[in-house]
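One structure is given below, encoded as structure tokens.
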Amino acid sequence: MKELIRELVLQAVLDLRRDGHLPPGDEPVFTVERTRNKQHGDYACNAAMLMAKAAGRNPRELAQQLLDTLPQSRLVERAEIAGPGFINFFVSPTCLIGSLRRVLEQRDRYGWQPEESRESVTVEFVSANPNGPLHVGHGRGAAYGASLANILEAYGHKVQREYYVNDAGRQMDILAASVWLRYLELGGVQVRFPDNGYKGDYVVEIARALRAREGDRLRHPMFEVTDGLPPDESQGGDKETHVDALIARARKLLGEADYRIVFNAGLDWCLADIKQDLGEFGVRYDNWFSERSLATSGAVSKAIETLKSKGHMEERDGALWFKATQFGDEKDRVVVRENGVTTYFASDIAYLLNKFDRGFERAIYVFGADHHGYIARLKAAAQGLGVDPARLEIQLVQFAVLFEKGEKVQMSTRAGQFVTLRQLRAEVGADAARFFYVMRSHDQHLDFDLDLARSQSNDNPVYYVQYAHARVCALFRQLAEKGWSFNKAAGDAARERLVHEQEVALMNLLLGWPEIVGAAAQARSPQIVANGLRDLSSAFHSYYNAVPILVEDETLRAARLYLCKAVRQVLANGLALLGVSAPETM
RNA sequence: GCGUCCGUAGCUCAGUUGGAUAGAGCACCAGGCUUCGAACCUGGUGGUCGGGGGUUCGAGUCCCUCCGGGCGCGCCA
């Protein structure tokens, strides 16, 4: 509808130009928006105000001229000038009623807007290191990324959902060492556990499974493990040095093949755990991309060579640097360390190149807010590789801070004391968690009140929306109990009987639903969909309380049920975008 | 210190690429179920949009500055 009005106004502008009433110019810029105030009609256009200056004319006078030139449309009841020069449009009953038919014809595709011109896009989200269970912070990234991907798809993009698995790197080695130490403990070898090790119970579980498979084959006596290690932090030394030495010791004692077995025991367990966790959270991926594969496939060296050949690399202090400052980053970045090992950033560059090599027109990264320092260097890397940095988009998701009894809950993965996503789901359910996470703007901090969430109180707006859906379902059950049935054709034929204020309001919201999806997609904001659902639910609850649906008048009843059915459909569609169920009873 | 995100009602937050009289939930006050599900609805109280400048027909929204907060600034991942 918004598009239609835009076309009408554009046509009027072009006509005025053709007849010399307006000076020629480029594609005119103006907006068509939904009004906030009903007295201002349904849509408002600001074209006259924006063009008045260039035309050297009074805005209201210009608006009048536009109005006189405006092509007729049976979907527009009337248009009028208001305020400083707005043109307000009132949509016709025909238009409103038409939206009902579209909803019920397109069903679960209503709101979808496939267009050839939409980009293909890869959305990478969560990508937590597989060294432990996901916690509630990852949950927000998961809910946001999954919903965003759904919305982009509905808007017509071709979407690939991707998880970057950090299956290489030091953190994973620390996990491997932690697993091995727990394994030794289970075998009766008492070894001091490092300050920097992973202390969660799941590590013991992994060790137990490892021991069940491998027996005591990987056991070494205590002195071999600990002799000559530099002191740990609590022993007056440095925890990083200590744990690195421990990793080196493990590698040496076990040998590369057996070390890999221990390493993979940790990796495989954690990855399986994450996959299951996200699956139960309604989050699905098209691709789990292995960081290690970038090294083994030669992608990392290929990326480095590419940057070298373009003259963006430099050797300094024995290391290889990417000259990121020439692309606006605040400092140059090391890609290959003095010891010959590539950095994490080297993998990032290779992965970035890989994404665009696979043909995506746009790559969206969903990062935690603590990664915002990466934006500049990734954009720099893109430029260095010859990729337009505008095709790379980074969405930051702010932290979710847990509150319990009014106090902040402190979290630390290493210490093993944190609230996991799995615990959260168990306490509030996946639906509430998914909705709660995306209710607020993703670039806004989220206060997550655990007590409130645990209590399953109806303060949680997800119930409000789901209840509206269940209420419509209840209406149709009630209908059957009364021995009546719903005749869709009769409802369709009687649509003009829908004249109540609340009915018009509901039809207006249904009409505007595709615009909600479009706005959410363009702003990368699932929260717009969540708010749209609340608005629609609110309008329905008001309607339900004000107007009886199951009336004796058969055609009127059919018309109202026709509307209710459309409302239910849109509620279900919106909930699906957010990965929330649409229950028939509650 | 530099960079970055943010500051809207007592609390938690919306506010659609600058639009008309700044909204919702919770809380508080007053009402509504012998009638389709009260997990709901109707009405009311509550604001110098952190402060101050600027841009223009028009600013919660854009620019500058100050105040207050989150996060980031390793040859870590």
Side-chain angles (χ1 to χ4, degrees), chain A residues 2 29 31 33-37 39-40 44 46 49-50 52-53 58-59 82-86 88 129 131 166 168-174 240 291 316-321 330-331 333-339 341-345 347 368-376 396 398-399 401 403 439-441 443-447 449 452 456-464 466-468 470-479 481-482 512 515-516 518-520 522-523 525 527-528 530-532 534-535 537-538 540-551 557 560 564 585-586:
Chain A
K2 196 186 261 182
V29 284
T31 60
E33 299 179 321
R34 290 197 78 88
T35 57
R36 298 181 191 185
N37 188 330
Q39 290 170 355
H40 299 142
N46 60 0
M49 287 179 294
L50 291 177
K53 196 165 193 178
N58 175 314
F86 288 105
N88 291 338
N129 287 349
N131 52 19
N166 299 116
R170 185 162 164 272
Q171 293 305 320
M172 294 307 296
D173 285 318
I174 295 176
E240 309 292 349
E291 178 190 354
R316 204 187 307 158
D317 306 329
L320 192 62
W321 298 69
E330 55 188 17
K331 51 184 73 170
R333 307 290 173 179
V334 171
V335 175
V336 183
R337 292 200 287 258
E338 196 179 5
N339 62 12
V341 179
T342 58
T343 62
Y344 188 84
F345 182 51
S347 300
D370 55 333
H371 281 63
H372 79 248
Y374 280 65
I375 298 177
L396 296 179
Q398 295 290 329
F399 289 141
V401 184
F403 282 83
M439 259 177 53
R440 282 80 185 266
S441 173
D443 56 15
Q444 202 74 244
H445 293 268
L446 176 67
D447 286 349
D449 187 330
L452 186 67
Q456 300 212 9
S457 137
N458 54 14
D459 292 346
N460 195 324
V462 70
Y463 293 120
Y464 187 76
Q466 289 182 317
Y467 184 51
R471 253 186 166 172
V472 179
C473 295
L475 277 173
F476 281 90
R477 283 194 299 272
Q478 191 70 30
L479 183 77
E481 280 171 27
K482 294 196 179 201
E515 289 157 20
I516 296 277
Q522 287 174 308
S525 296
Q527 157 246 354
I528 290 175
N531 285 334
R534 293 172 75 176
D535 289 344
S537 304
S538 173
F540 177 73
H541 287 309
S542 293
Y543 175 50
Y544 183 91
N545 277 276
V547 179
I549 315 294
L550 301 177
V551 292
R557 188 171 73 229
R560 289 180 177 167
C564 290
T585 60
M586 291 176 71

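Convention: sequence-line order gives letters A, B, ...; per-chain numbering from 1.
- Closest to the side chain of Glu330(A), from the set C41(B), C73(B), C57(B), is C73(B).
- Comparing the C1' positions of U35(B) and G25(B) gives a spacing of 29 Å, expressed to the nearest Å.
- Asn37(A) and Thr35(A) form no side-chain donor-acceptor contact under 3.5 Å, judged by distance and modelled atom types alone.
- Across all strands shown, Val547(A) has heavy atoms under 4.0 Å from base atoms, whether or not it also approaches the sugar-phosphate.
- Thr585(A) has no side-chain polar atom (N or O) that falls below the 4.0 Å cut-off from OP1 or OP2 of G37(B).
- Picking from C57(B), C5(B), U42(B) the nucleotide with the shortest atom distance to the side chain of Ser542(A) gives U42(B).
- G15(B) sits 12 Å from C6(B) when the P atoms are compared, rounded to a whole Å.
- Of the candidates C5(B), C36(B), A14(B), A14(B) carries the atom nearest the Ser441(A) side chain, counting heavy atoms from C-beta on.
- Taking 4.0 angstrom as the limit, Lys331(A) places none of its side-chain polar atoms (N or O) nearer than this to OP1 or OP2 of C2(B).
- Here U16(B) is the nucleotide among U16(B), A20(B), C36(B) with the atom lying nearest to any side-chain atom of Ala519(A).
- Judged by distance alone, with hydrogens and angles left aside, His372(A) brings a side-chain donor or acceptor within reach of the base of G3(B), the pair sitting under 3.5 Å.
- Residue Ala82(A) is in base contact, counting any heavy-atom pair closer than 4.0 Å across all strands shown.
- Separation of the P atoms belonging to C26(B) and A22(B) is 23 Å when rounded to the nearest angstrom.
- Not one side-chain nitrogen or oxygen of Gln39(A) sits closer than 4.0 Å to the OP1 or OP2 atom of U21(B).
- Between Tyr463(A) and A39(B), a side-chain N or O to OP1/OP2 separation shorter than 4.0 Å is absent.
- In this structure, the side chain of Asn129(A) does not engage the main chain of Asn166(A) through any donor-acceptor pair within 3.5 Å.
- Of the P atoms belonging to C28(B) and C71(B), the separation is 33 Å, rounded to the nearest Å.
- The listed nucleotides are A38(B), A39(B), G19(B); the one nearest the side chain of Tyr544(A) is A38(B).
- Taking the C1' atom of each, G46(B) and A30(B) are spaced 16 Å apart, rounded to whole Å.
- Remark: the Arg36(A) side chain and the G60(B) base include a donor-acceptor N/O pair separated by less than 3.5 Å.
- Summarising the base pairing, C76(B) is matched to no nucleotide, lacking a Watson-Crick or G-U wobble pair whose two defining distances lie under 3.5 Å.
- For Arg534(A), whose side chain is taken as the heavy atoms from C-beta onward, the closest listed nucleotide among G3(B), G37(B), G25(B) is G25(B).
- C11(B) and G47(B): their C1' atoms are spaced 15 Å apart (whole Å).
- Of all the heavy atoms in Ala52(A) and Asn58(A), the pair that sits closest is CB-C, 4.4 Å.
- For Asp535(A) against A14(B), no side-chain N or O and base N or O form a donor-acceptor pair under 3.5 Å.
- For U55(B), there is no paired base (Watson-Crick or G-U wobble, both distances below 3.5 Å).
- Side-chain atoms of Gln527(A) lie closest to G15(B) of the nucleotides G15(B), C36(B), C75(B).
- Taking atom C1' in both A9(B) and U56(B), one finds a spacing of 30 Å when rounded to whole Å.
- Note on Arg471(A): a side-chain N or O is less than 4.0 Å away from OP1 or OP2 of A38(B).
- Arg560(A) is listed as a side-chain neighbour of Val551(A), based on a closest heavy-atom distance under 4.5 Å.
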